[in-house]
Amino acid sequence: MTTSNRILLGVNIDHVATLRHARGTRYPDPVKAALDAEEAGADGITVHLREDRRHIQERDVLLLKDVLQTRMNFEMGVTEEMMAFAERIRPAHICLVPETRQELTTEGGLDVAGQEARIKAAVERLSKIGSEVSLFIDADERQIAASKRVGAPAIELHTGRYADAETPTEVAEELKRVADGVAFGLAQGLIVNAGHGLHYHNVEAVAAIKGINELNIGHALVAHALFVGFKSAVSEMKALILAAAKA
Ligand SMILES: CC(=O)[C@@H](O)[C@H](O)COP(=O)(O)O
Ligand SMILES: NCC(=O)COP(=O)(O)O
């Protein structure tokens, strides 16, 4: 996710695996989705190997490591099990995320400021394998400044609050929070990515924020793919974000 002069689309394929997991079948295969996404213009593939293995499995990550033409963004909790697995697969990018067993999805950002020593040690260890480490955090100056202090080159701002905002006022407030976070992160010299809960009707305003390097999008793509196919879902999203970023 090294800074580019155009906005990048990272396609998260977790929820292809959610559908597979619902029936314990071999299909749909997230690896096939990743290859289709790449053909349709994805700049990278994001997978979150959760501790409870509710969607992506080790097998998916190992196969992806061999077949991806772009690059893998491996999302993981800060646990010894995941650190050891990451050291084995050496993904191009690693995003450290908070994880709790019972959550429906990743509900907030990683509390970097509250556990600087632990996150710094993880960033140092994972940087040694050549991965670019990013921290999935709320758009909050305290967390962004802490991310810089622990030595992460990149952050991903959690856009869930923006996506969940209901009134126009709330939407505007949350969008401003994200835009301010992007500006603050860039001023700190960080690569700034964003994602979570973005879909075809809310993505443009985020893509239009100057300086965002990459948007990671998954759930909405998989949902739209049911109706138009995975390649079309990805290419439609890519066209939307490129147009919004240029405007
Ligand atoms: C960290 C993040 O935002 C994504 O990994 C997302 O969380 C994937 O979906 P689930 O949270 O539903 O596993
Ligand atoms: N890090 C966010 C991500 O990968 C995608 O989140 P979502 O679009 O599935 O909500």
Side-chain angles (χ1 to χ4, degrees), residues 1 7-22 30 33-34 37 42-57 60-61 64 70-79 82 86 91-112 132-139 143 147 152 154-165 174 178 181-182 191-204 206-207 212-226 230 233-234 236-238 240-241:
M1 259 170 272
I7 192 160
L8 304 175
L9 172 61
V11 171
N12 182 318
I13 53 171
D14 292 351
H15 297 302
V16 177
T18 301
L19 190 53
R20 177 185 63 185
H21 193 72
D43 298 291
I45 301 297
T46 295
V47 281
H48 183 177
L49 183 63
R50 279 183 171 272
E51 190 190 7
D52 63 11
R53 306 296 194 271
R54 68 174 72 164
H55 40 52
I56 292 294
Q57 305 296 314
D60 305 322
V61 183
L64 288 168
T70 56
R71 58 202 165 67
M72 185 192 301
N73 175 35
F74 181 64
E75 294 183 330
M76 54 174 262
V78 189
T79 65
M82 285 302 151
H93 305 273
I94 292 176
C95 186
L96 299 181
V97 305
E99 222 178 271
T100 45
R101 274 278 169 101
Q102 305 304 327
E103 67 188 356
L104 182 61
T105 182
T106 309
E107 283 161 0
L110 190 65
D111 180 15
V112 183
E132 179 185 274
V133 182
S134 137
L135 304 175
F136 190 57
I137 57 172
D138 290 327
Q143 298 296 344
S147 300
I155 53 175
E156 179 173 329
L157 299 179
H158 194 314
T159 49
R161 282 174 58 165
Y162 161 72
D164 291 342
E174 293 304 332
V178 176
V182 173
I191 296 165
V192 183
N193 305 313
H196 199 91
L198 297 178
H199 54 66
Y200 296 85
H201 301 287
N202 68 11
V203 74
E204 287 165 292
V206 177
I212 293 193
N213 177 57
E214 175 167 286
L215 296 181
N216 280 305
I217 305 177
H219 187 267
L221 288 173
V222 175
H224 192 47
L226 291 174
F230 211 69
V234 171
E236 280 179 38
M237 182 61 81
K238 176 125 182 183
L240 265 184
I241 69 170

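As the structure lists them, so they are numbered: ligands from 1, and atoms in each ligand from 1. Residues take their numbers from the sequence shown, with the count starting at 1. Everything quoted here is computed from the prediction, not taken from an experiment.
H15 and H219 have perpendicular rings, their planes meeting at more than 60° on a 0 to 90° scale where under 30° would count as parallel.
Between D43 and K238 there is a salt bridge, since at least one side-chain N of the basic residue sits less than 4.0 Å from a carboxylate O of the acidic one.
For R53, the side chain to side chain donor-acceptor pair (under 3.5 Å) partners are E58, E81, not counting sequence neighbours. Checked against side chain to side chain contact (heavy atoms under 4.5 Å, CB included), H224 has the following partners two or more places apart in sequence or in another chain: Y200, V228, A233, E236.
Protein residues with a heavy atom closer than 4.0 Å to ligand 2 are N12, T46, E75, F136, E156, G195, H196, G197, N216, I217, G218, H219, listed by chain and number.
Within the model, atoms CZ of F74 and CG of L49 stand 4.5 Å from one another, a figure rounded to the nearest 0.5 Å.
Side chains of H48 and E99: a donor-acceptor N/O pair is present below 3.5 angstrom, by distance only. Looking only at atom types and distance, the side chain of T106 has a donor-acceptor partner in the side chain of R50 under 3.5 Å away.
Side-chain rings of H21 and H55 stay apart, their centers remaining 6.0 Å or farther from each other.
Using a 4.5 Å heavy-atom cutoff, the side chains of I7 and N213 are not in contact.
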Inventory of protein N or O atoms under 3.5 Å from ligand 1 N or O:
unit_1: ligand 1; atom_1: 3 (O); unit_2: H196; atom_2: ND1; d: 2.7
unit_1: ligand 1; atom_1: 5 (O); unit_2: H48; atom_2: ND1; d: 3.0
unit_1: ligand 1; atom_1: 5 (O); unit_2: E75; atom_2: OE1; d: 2.3
unit_1: ligand 1; atom_1: 7 (O); unit_2: T106; atom_2: OG1; d: 2.7
unit_1: ligand 1; atom_1: 9 (O); unit_2: H15; atom_2: NE2; d: 3.1
unit_1: ligand 1; atom_1: 11 (O); unit_2: R50; atom_2: NH2; d: 2.8
unit_1: ligand 1; atom_1: 11 (O); unit_2: T105; atom_2: OG1; d: 2.6
unit_1: ligand 1; atom_1: 11 (O); unit_2: T106; atom_2: N; d: 3.2
unit_1: ligand 1; atom_1: 11 (O); unit_2: T106; atom_2: OG1; d: 3.4
unit_1: ligand 1; atom_1: 12 (O); unit_2: H15; atom_2: NE2; d: 3.2
unit_1: ligand 1; atom_1: 12 (O); unit_2: T105; atom_2: OG1; d: 3.4
unit_1: ligand 1; atom_1: 13 (O); unit_2: R50; atom_2: NE; d: 2.7
unit_1: ligand 1; atom_1: 13 (O); unit_2: R50; atom_2: NH2; d: 3.4
unit_1: ligand 1; atom_1: 13 (O); unit_2: H55; atom_2: NE2; d: 2.6

